[in-house]
Amino acid sequence: MNSNQRVNQKAIEKYRKELEAMVGDIRMVDEKILNRAMNEGLRQVKQLTPVGVYKNRTGGTLRRKWSRTRVFKTQTYVTATLYNNTEYALYVNYGHRVVNKNGETIGWVNGKFMLEKSLYRIEKTLEREFRKEIERINKQYD
């Protein structure tokens with residue numbers, strides 16, 4: 001093996017090690033970014049959730065019950081869930097009909113769609129954060 005081949009072999013080995021380190025960094029990035037995006041989405045959905053105002057008290061149960069799961073990472077994907085386990089969350093989010101005592105529909109209450117608006121915000125945050133992290137990793141290994 002001549003000296004040129006040795007130099008090339010060393011350069012290839014160095015490049016391979018840098019590439020393996022970069023792949024390891026990228027694998028850790030997805031979990032970190034999904035956590036950031038879910039926190040932003042949780043904050044957003046709580047802000048968008050209406051608080052009931054009654055004669056003798058103020059509500060807020062629906063807003064307080066928003067939560068998220070921790071990030072689950074598998075071989076192929078990373079996932080987390082934003083949820084609200086109050087009985088009436090679906091009716092406030094998507095809307096519902098108003099029924100009189102006879103069971104007749106007398107109106108419709110439009111939904112607030114706070115979950116959909118927050119999911120849109122999560123998607124935008126994911127895109128922005130992934131772009132920033134990939135640029136950071138590229139600068140680190142350039």
Side-chain angles (χ1 to χ4, degrees), residues 1 4-142:
M1 191 183 292
N4 196 19
Q5 282 179 317
R6 281 189 219 118
V7 170
N8 287 341
Q9 192 69 20
K10 287 180 183 180
I12 290 171
E13 190 61 35
K14 179 182 176 193
Y15 177 73
R16 181 178 291 137
K17 286 180 181 178
E18 287 179 0
L19 193 58
E20 286 173 358
M22 184 185 287
V23 168
D25 283 351
I26 290 172
R27 286 187 182 140
M28 292 174 59
V29 163
D30 54 2
E31 190 174 344
K32 183 169 89 173
I33 290 177
L34 183 58
N35 260 326
R36 281 189 211 155
M38 289 300 290
N39 288 337
E40 176 71 21
L42 183 60
R43 185 183 65 76
Q44 177 77 17
V45 76
K46 283 184 175 186
Q47 286 178 349
L48 292 173
T49 302
V51 175
V53 179
Y54 308 101
K55 291 179 185 175
N56 56 355
R57 66 183 173 88
T58 303
T61 302
L62 185 62
R63 185 177 281 186
R64 282 190 308 271
K65 292 290 184 169
W66 281 108
S67 190
R68 57 168 284 219
T69 61
R70 66 181 186 86
V71 174
F72 293 102
K73 191 171 186 176
T74 67
Q75 293 277 344
T76 55
Y77 63 91
V78 179
T79 185
T81 305
L82 194 60
Y83 67 93
N84 191 319
N85 60 4
T86 54
E87 298 172 1
Y88 55 93
L90 289 172
Y91 304 113
V92 174
N93 192 54
Y94 297 115
H96 60 90
R97 63 189 185 123
V98 180
V99 180
N100 66 12
K101 293 179 182 179
N102 299 328
E104 300 166 337
T105 301
I106 58 171
W108 175 261
V109 176
N110 289 328
K112 300 296 182 185
F113 299 103
M114 58 258 182
L115 184 58
E116 284 74 14
K117 292 173 185 174
S118 297
L119 290 176
Y120 178 76
R121 179 80 169 257
I122 288 171
E123 288 174 8
K124 292 298 178 190
T125 302
L126 281 171
E127 290 173 14
R128 183 181 66 241
E129 292 294 324
F130 265 118
R131 232 180 272 118
K132 285 190 333 191
E133 277 298 311
I134 296 302
E135 287 173 7
R136 182 191 66 78
I137 289 171
N138 283 337
K139 285 180 185 176
Q140 182 179 349
Y141 290 100
D142 277 346

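Everything numeric here is computed off the predicted structure, so don't read it as measured data.
- Listed here is the closest heavy atom pair of Arg64 and Gly59: NH1-O, 4.3 Å.
- Within a 6.0 Å sphere centred on OH of Tyr88, other residues, nucleotides and ligands contribute more than 12 heavy atoms.
- Legend: residues meeting side chain to side chain contact (heavy atoms under 4.5 Å, CB included) with Val99, ordered by chain and number and at least two apart, are Arg97.
- Under the side chain to side chain contact (heavy atoms under 4.5 Å, CB included) criterion, Lys65 pairs with Thr61, Asn84, Asn85, Thr86, sequence neighbours left out.
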Exercise. Could you check Ile122 against Leu82 for side chain to side chain contact (heavy atoms under 4.5 Å, CB included), going step by step and ending with a plain yes or no?
Key: CA-CA 10 Å; Ile122 288 171; Leu82 194 60; 4.2 Å; yes
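- With respect to Lys32 and Glu133, a salt bridge is recorded, a charged nitrogen being found less than 4.0 Å from a carboxylate O.
- Note that CZ of Arg70 is 8.5 Å distant from CD of Glu31, once rounded to the nearest 0.5 Å.
- A side-chain donor-acceptor contact under 3.5 Å links Thr69 to the backbone of Thr81.
- For the pair Phe130 and Asp30, the minimum side-chain heavy-atom distance is below 4.5 Å.
- When the salt bridge (charged side-chain N to carboxylate O under 4.0 Å, His left out) test is applied to Lys117, no partner is found at least two apart in sequence or on another chain.
- A 4.5 Å side-chain heavy-atom check between Lys73 and Thr79 finds every atom pair outside the cut-off.
- Qualifying side chain to side chain donor-acceptor pair (under 3.5 Å) partners for Thr49, counting only residues two or more places apart in sequence or in other chains: Trp66.
- The backbone N or O of Ala37 sits nowhere less than 3.5 Å from a side-chain atom of Thr125 that would complete a donor-acceptor pair.
- In terms of the salt bridge (charged side-chain N to carboxylate O under 4.0 Å, His left out) criterion, residue partners of Arg121 (sequence neighbours excluded) are, by chain and number, Glu40.
- If you take OG on Ser118 and CD on Gln47, they are separated by 9.0 Å, rounding to the nearest 0.5 Å.
- With a 6.0 Å radius and a threshold of 12 heavy atoms from other residues, nucleotides or ligands, Tyr120 has its OH atom at or below the threshold.
- One distance of note links CD1 of Ile33 with CE of Met38; it measures 14.5 Å at 0.5 Å rounding.
- In terms of the side chain to side chain contact (heavy atoms under 4.5 Å, CB included) criterion, residue partners of Tyr94 (sequence neighbours excluded) are, by chain and number, Leu90, Phe113, Glu116.
- For the residue pair Asn39/Arg68, the side-chain donor-acceptor check at 3.5 Å is satisfied.
- Val92 has its side chain within reach of Leu62: a pair of non-hydrogen atoms, C-beta onward, lies under 4.5 Å apart.
- Residues satisfying the side chain to side chain contact (heavy atoms under 4.5 Å, CB included) test with Asn102, not counting sequence neighbours, are Asn100, Glu104.
- Using a 4.5 Å heavy-atom cutoff, the side chains of Lys132 and Arg136 are not in contact.
- Side-chain contact between Met114 and Pro50: present, with at least one pair of heavy atoms (C-beta onward) separated by less than 4.5 Å.
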